[in-house]
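Every chain is numbered from 1 and lettered A, B, ... according to where its sequence line falls, protein lines coming before strand lines. All values derive from a computational prediction rather than experimental measurement.
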Amino acid sequence: MSPDTDTSTTPAPDEAPAEDTVRDEVLESMRDRLVAELGDAVLDSEIGVGRSLWVRVTAEAWRTAGQVARDHLGCRWFDFLSAIDWLPSPYGRYEDDGMSPPKEVDPTIVTGVAGGDTRFQVFARVVDLSDGSGLILKADVPEDLTVPSWVPVYDGADWHERETWEMFGITFDGHPGLRHIYLPGDFEGNPLRKDFPLIARIVKPWPGIIDVEPMPAEDEGAADGDAPAETTEGGAE
Amino acid sequence: MTAALDREQARYVAAQAADARINFEIETEGMTLNLGPQHPATHGTLRVVAKLDAEQVISAEPIAGYMHRGYEKLSEVRTYPQVTTLVNRIDWLGSFANEVPFILAAERLMDVEAPPRAQWIRTALFEMSRIANLVLFAGDTALQLGGQTAAFYGFRDREYVLNQIEAVTGGRFHPNFDRIGGLKDDLPKGWIADTKLAMEKVRGFCDEIDELVTGNEIFQARTRGIGVIPGDVAMSYGLSGANLRGSGVDFDLRRDAPSGMVHPELDWTVHTHPDGDCFSRWWIRIQEIREASLMVDQCLDGLPSGPIMAKVPRIIKVPAGEAYVQTENPLGAMGYYVVSKGDLGPFRLKIRSASFNNVSILPWVLRGVYVPDIVSILASLYFILGDIDR
């Protein structure tokens, strides 16, 4: 109830009010305990936007990291588990009008917070309910697209891993039964991979491309990237 | 499943069996019961396949996906303002609440903060969508347990709130009103007085429902001690909202990890219940309607003046980075993990919806119960299919 746990009003780290340092200390001690337990398995960590703690561990230590978070850090509440495909989409944002040749997309993989070396990463969040401090764990997914399952640690990981398996094609070693959860059983492909085309957009170009009118005095904005000009008013309709 | 949870489960099954004094020595042939996808107890199209031994459930498997719309994929080709239209349709009974965490995550990445007036109105509308959602829960749960009257009361009284939401946003179910940096519009004239009257009526509804349903002997018999979820199990499955607090875990994101709304400045109580059964989940939600109506009153009383939009560029580009924001939505904790690459739209959007976790406990909690109790448990766990399938 007290406003000093409010993390949203943090403007920038250099002018962060005193309350936020307390919060940082909680997260830093969380990170230190994790490093103490896991040692070299912790590859990188970062306290970033919104005062969240990201920790990247090796794929082999993925389950151990979950266990340590649950047993030593008090993070007993399972939030979610999912994956990211860092490959830039070869289709861009489907902004081609179908007539001109597709735009070149730079295929360099750039990963996000806490770094990474592989195209796929799994990430999960667990929370210590006593003070509401959360921990986002990340791991690079090796070539064989297999990481240890979290089901023995958090029961809730069951469905999340089924979803991740179906959407990204990542296998979870030790999962009791990776079956389709959303898609029909004979579905082929992994829809959330960036190289899986969004067929609806290929069949019929996004009508937003046609509707774009240059905004008055926004010519510079429209010139950089042919994307639909979005305004703060009514743009979402 | 860990050994401790295994023991918990064994105890639970044994208690259910002892209750019925089933003689295990009699050989009976099992049967499979298919509930749904169109059963009214499933709030949409969830299918539950239950294997039965006489009246007792041996195992149950919920099957989702009949409404999967692929919002995570779609959001990758939309711009940030366009994503709110999509996420509106996740929990369609409390749509405004779906927009808020996404907008907050984008604001955080952009380092923008909504002006105070926008934050207060946002909180009021957030709590009003909670009321609209939970009032229907009250009516619907009673309906599923055989009490028709409460359902009509629920639909009637939800209108008072929906009318007020419509008056300010223009949309009854899909307001699409939240903007990065504030709100689309200010409140219309006379709205505050009308809303206070509506909140009076909502509190009247709670009293009515308490007299009609909560104290009812049949209702109590069908919910007390049914579908007990211990706190440990609830946390391990990631249950949230009233389902978590109904298992005695005192955690509410509005109080314990507030983000960008004015809940810390309001005077309200977090209710928990130690029993973990269907009744406790029901009871907490009724209390939450009351608390939410009081919160809306306080928001309207404390409403500061000033602008409702911060200065944001006309074309919204969100700086590269990752942010996760979670709020306490009507159904439970809802979070958005936004990965931006400095583009017009998100690179990856992970939607953590409450019902997905809340429903994943069904195989655990349905083991060993009786067929009529499936309905009580499904109703009390309270999920919206759009919130599972996304």
Residue part contacting chain A, namely of [X], when any heavy atom lies under 4.5 Å:
X: B/Gln326; answer: side chain
X: B/Phe356; answer: both
X: B/Ala333; answer: side chain
X: B/Val262; answer: neither

For this session: Counting only heavy atoms closer than 4.5 Å, note whether A/Arg193 contacts chain B via side chain, backbone, both or neither.
Result: backbone
Seminar exercise, completed: Bottom line for A/His160: the part with an atom under 4.5 Å from chain B's heavy atoms is both
For this session: Please check if the side chain of B/Asn357 supplies one atom and the backbone of A/Asp79 the other of a donor-acceptor pair under 3.5 Å.
Result: yes
For this session: For the pair A/Trp77 and B/Phe251, name the ring-plane relationship: parallel under 30°, tilted 30 to 60°, perpendicular over 60°.
Result: tilted
For this session: Would you check if there is a donor-acceptor pair between the side chains of B/Ser236 and A/Arg70 at a distance under 3.5 Å?
Result: no
Problem set entry | Side chains of B/Tyr237 and A/Asp158, donor plus acceptor under 3.5 Å | no
Exercise. Between B/Asp250, B/Val339, B/Leu239, which residue shows the highest count of heavy-atom pairs closer than 4.5 Å to chain A?
Worked result: B/Leu239
Problem set entry | Best-contacting candidate, B/Ile63, B/Asp232, B/Ile361, B/Leu253, against chain A by heavy atom pairs under 4.5 angstrom | B/Asp232
For this session: Check the pair A/Leu192, B/Arg348 against side chain to side chain contact (heavy atoms under 4.5 Å, CB included), reporting the backbone distance first and the verdict last.
Result: CA-CA 9 Å; A/Leu192 278 181; B/Arg348 162 112 173 86; 4.0 Å; yes
Problem set entry | Reported CG-to-CG distance for the pair B/Asp256 and A/Leu129, which is rounded to 0.5 angstrom | 8.0 Å
Seminar exercise, completed: Here the gap from B/Ser360 atom OG to A/Phe78 atom CZ, rounded to the nearest 0.5 Å, amounts to 8.5 Å
Exercise. For the residue pair B/Tyr337 and A/Ile136, what are the closest heavy atoms and their distance?
Worked result: CE1-CD1, 3.8 Å
Problem set entry | cation_pi(B/Lys73, A/Phe196) dist<6.0 Å, angle<=45 | no
Is there a side-chain contact between [X] and [Y] in this structure, where contact means two heavy atoms from C-beta onward sitting under 4.5 Å apart?
X: A/Leu198; Y: B/Leu74; value: yes
X: B/Trp364; Y: A/Asp155; value: no
X: B/Lys350; Y: A/Arg125; value: no

For this session: Under the side chain to side chain contact (heavy atoms under 4.5 Å, CB included) rule, what do B/Met67 and A/Tyr182 come out as? Steps first, then yes or no, please.
Result: CA-CA 8 Å; B/Met67 252 193 72; A/Tyr182 286 144; over 6 Å; no
Exercise. So B/Arg352 and A/Ser82, side-chain hydrogen bond (donor to acceptor under 3.5 Å, both in side chains) or not? Walk me through it.
Worked result: CA-CA 9 Å; B/Arg352 189 269 187 218; A/Ser82 190; over 6 Å; no
For this session: For B/Tyr324 and A/Phe80, run ring pair (Phe, Tyr, Trp, His ring centres under 6.0 Å): C-alpha distance rounded to whole Å, both residues' side-chain angles, the deciding distance at 0.1 Å, then the answer.
Result: CA-CA 11 Å; B/Tyr324 182 69; A/Phe80 69 83; 5.1 Å; yes
Exercise. Yes or no on side chain to side chain contact (heavy atoms under 4.5 Å, CB included) for A/Trp54 and B/Glu322, after CA distance, side-chain angles and deciding distance?
Worked result: CA-CA 10 Å; A/Trp54 277 265; B/Glu322 292 172 36; 3.6 Å; yes
